[in-house]
Amino acid sequence: MKTFGIQYLIVPLILGTITANAEKAQRDYPSIFQAWNGIENRSDADELHLLARHNLAFADPYTLLRITWNISAQQPYSGLATDLDPHRLNAARERKQELLSLNPHLLLLVEIRCRDAKYLSKQNEAQVENWWEVGFYPPDSTYWLKGSNGEPVIGWGEDTNGDGKIDENDTILNYLIDFSNPEVQDLIVNQAVALDKSGLFDGIMLDWWNEDDATSAIGIDNWSDTILTREAELEARLSILRKIRAQADDGFLILVNANTRQIPKSAQYVNGIFMECYKQEYDKGYSLDQVLQIEETLLWAEQHLREPRINCLEGWRMVTDYMGDLNARIAERNSKKNQQWMRMITTLSLTHSDGYVLFGDDNAMPTPDHLHNWYDFWDADLGQPIQEKAVQYQEITGFFIREFENGWAVYNRSGTQQFVTFDTPVTGISIKKRQLRHQIPDFDGDIFLKTDTD
């Protein structure tokens, strides 16, 4: 038994039961993941070393391993391809070995487009300079979801001028895919199986995963009515998961972006939720209600999803300079307030999960989504968790502590500042002081190491 030396608090240790698989048992915490786009503030390192700082990354195959789907001038549509480019396999294997030599615990997941993708009309397709610049499917394909006017439906865009709506002055990125079509489902499954059999990737990521509502399209100035019914969508999603599980290896990982929603019907097939924690106003942080929802869903996912579990929690930063350039983005991510949010999101993940964490840009910005700084805070080596999740320190509501091999993670959303006291002096990463008693502001957190960091 381990005591913290204050008010006779006794915290049980659960040794040897925390991890469910070898990967978890080996990687250390905090474990940071990359969602599509990478680190911007470490210009002294090359792209390969920046990617390897993460313990999990998902993106397209080219971003990860410089390999593409097997397309050609005769068949240029990546959505129709069901194998990887054979001419790039050797180079991809070499790149993966380089990455694993830098970080042997890095997991690589490929996003498979299932809800929306790039669309070009016949007229626009005829104007592209290179054959590979066409859309995801042919423009007249039945695989596109059509609206009441018989035309493909806008599925996503960027509010490039920051006026709170997506209209003709903004950038339309993707159109909706009819994933209720069995042929589309088979294409998705075949791509997943090809990735599995290649030996290059550990799994896949499926975006926009929702069991509660039907997919909405983007209208000219707001979200339009749904097209597929909720029931049709849910059955299509489950059908895709069942088919992948029937054909891929048992250890093949599936991560889905469910935001802060629970997905009980998908749970037996899915290894992790990408918790892309949406917030309505880009210049503000999260409310207490939002934080409580994050905690609830993260704990649910840690208990109910398929093992090995790879839950990924991402918080979004506060944005002041909406149109900011690279230097402005880097500086804003390092603001005092954003550093506090980063610590809170990181320690929430550490105290409530055995998963991965990221703190990056708000998706509202016109720049590529999920760009982020690498924080020195993430370099702390906590080792493995040796205490159960979501333990409240001194039974204070909203004040959590979790012990690891090399220290503790402490997270506070109690409504007021709190203090934690240890048996012997420990080093607080954020304040870089070694002492017995440490203060944690509300909506903040810290990492405390048992040995000095010097």
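- For CD of Gln303, the number of neighbouring non-hydrogen atoms (other residues, nucleotides, ligands) closer than 6.0 Å is greater than 12.
- Distance alone, capped at 3.5 Å, is enough to place a donor-acceptor pair between the Asn103 side chain and the Ala52 backbone.
- In this structure, His438 and Phe422 have perpendicular ring planes: the angle between them is above 60°, well past the 30° mark.
- Side-chain atoms of Gln340 come within 3.5 Å of backbone atoms of Phe443 as a donor-acceptor pair (strictly under, hydrogens ignored).
- Counting heavy atoms from C-beta outward, Glu295 and Tyr411 have side chains that approach closer than 4.5 Å.
- Here salt bridge (Lys or Arg N to Asp or Glu O under 4.0 Å) pairs that include residues 92-107, with residues two or more places apart or in two chains, are Glu47-Arg95.
- Taken from NE2 in His372 to CD in Glu40, the straight-line distance is 9.0 Å, to the nearest 0.5 Å.
- A cation-pi arrangement is found for Arg27 relative to Tyr356, the charged atom lying closer than 6.0 Å to the ring centre and inside a 45° cone about the ring normal.
- A donor-acceptor contact closer than 3.5 angstrom links the side chains of Gln185 and Ser239.
- Side-chain contact check for Ile440 versus Phe399: some heavy-atom pair is nearer than 4.5 Å.
- A salt bridge between Arg242 and Glu235 is present, with a side-chain N of the basic residue lying under 4.0 Å from a carboxylate O of the acidic one.
- Shown here for Ala380 and Pro30, the closest heavy-atom pair between the two residues is O-CD, 3.2 Å.
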Report the C-alpha separation of Ser414 and Asn412 in whole Å, then their side-chain angles, then the decisive distance to 0.1 Å, and conclude whether the side-chain hydrogen bond (donor to acceptor under 3.5 Å, both in side chains) test is met. CA-CA 6 Å; Ser414 67; Asn412 181 21; 2.7 Å; yes
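- Under a 4.0 Å N-O distance rule, the pair Lys279/Glu281 does not qualify as a salt bridge.
- Counting only distance, with no hydrogens or angles, the side chain of Asn271 and the backbone of Pro308 share a donor-acceptor pair below 3.5 Å.
- Between Arg230 and Asp213 there is no salt bridge, since none of the side-chain N atoms of the basic residue sits less than 4.0 Å from a carboxylate O of the acidic one.
- The side chain to side chain contact (heavy atoms under 4.5 Å, CB included) test with Phe179 is passed by exactly one of Leu206, Ile240, Asp116, Leu145: Ile240.
- For residues 189-204, no pair satisfies side-chain hydrogen bond (donor to acceptor under 3.5 Å, both in side chains), with sequence neighbours left out.
- Ring geometry, Trp378 versus Tyr375: the interplanar angle exceeds 60°, so the pair is classed perpendicular (tilted spans 30 to 60°).
- Taking the charged nitrogens against the carboxylate oxygens, Lys450 and Asp423 have no contact shorter than 4.0 Å, which rules out a salt bridge.
- Among residues two or more places apart in sequence or in another chain, the ring-ring contact (aromatic ring centres under 6.0 Å, His included) test is passed with Phe252 by none.
- In this structure, Asn259 CG and Trp208 CH2 are separated by 8.0 Å, a value rounded to the nearest 0.5 Å.
- Using the six-membered ring where Trp is involved, Tyr29 and Phe404 have ring planes that are tilted, between 30° and 60° apart.
- A donor-acceptor contact shorter than 3.5 Å is absent between the side chain of Gln247 and the backbone of Val189.
- Listed for the Ser31 side chain is a donor-acceptor partner under 3.5 Å among the backbone atoms of Asp28.
- At distances below 3.5 Å, not a single donor-acceptor pair connects side-chain atoms of Arg88 with backbone N or O atoms of Tyr62.
- Remark: the Asn311 side chain and the Glu302 side chain contain an N/O donor-acceptor pair separated by less than 3.5 Å.
- Phe377 has its side chain within reach of Thr347: a pair of non-hydrogen atoms, C-beta onward, lies under 4.5 Å apart.
- Panel note: side chain Glu403, backbone Ile386; no donor-acceptor pair is recorded below 3.5 Å.
- Cation-pi geometry between Arg245 and Tyr269 is not met: the NZ or CZ atom fails to fall both under 6.0 Å from the ring centre and inside 45° of the normal.
- Using a distance-only test at 3.5 Å, with no hydrogens or angles considered, no donor-acceptor pair links the side chain of Asp442 to the main chain of Gln417.
- In summary, the side chains of Trp69 and Asp60 do not present any donor paired with an acceptor at a separation below 3.5 Å, with no hydrogens or angles considered.
- For the pair Phe58 and Phe33, the minimum side-chain heavy-atom distance is below 4.5 Å.
- Between the side chain of Asp207 and the backbone N or O of Asn257 there is no donor-acceptor pair closer than 3.5 Å.
- Ile177 has its side chain out of reach of Cys114: every pair of non-hydrogen atoms, C-beta onward, lies at least 4.5 Å apart.
- Ring planes of Tyr282 and Tyr322: tilted class, angle from 30 to 60°.
- Here the straight-line distance linking atom CD1 of Ile244 with atom CD1 of Ile188 works out to 7.5 Å at 0.5 Å rounding.
- Residues Ile273 and Leu298 have side chains not in contact (no heavy-atom distance under 4.5 Å, counting atoms from C-beta outward).
- A 4.5 Å side-chain heavy-atom check between Val357 and Ile32 finds at least one atom pair inside the cut-off.
- Of all non-hydrogen atoms in Asn174 and Ala117, the two that sit nearest each other are OD1-C, 3.1 Å.
- In this structure the side chain of Ile254 never reaches within 4.5 angstrom of the side chain of Arg306, judged on heavy atoms.
- What you find for Ile345 and Gly315 is that their closest heavy atoms are CG2-N, 3.9 Å.
- Checked for salt-bridge contact, Lys337 and Asp283 miss the test: no charged N lies under 4.0 Å from a carboxylate O.
- With Glu211 contributing its side chain and Ser266 its backbone, the two residues share a donor-acceptor pair below 3.5 Å.
- Using modelled atom types, one finds no donor on one side chain facing an acceptor on the other under 3.5 Å when comparing Asp369 with Asn37.
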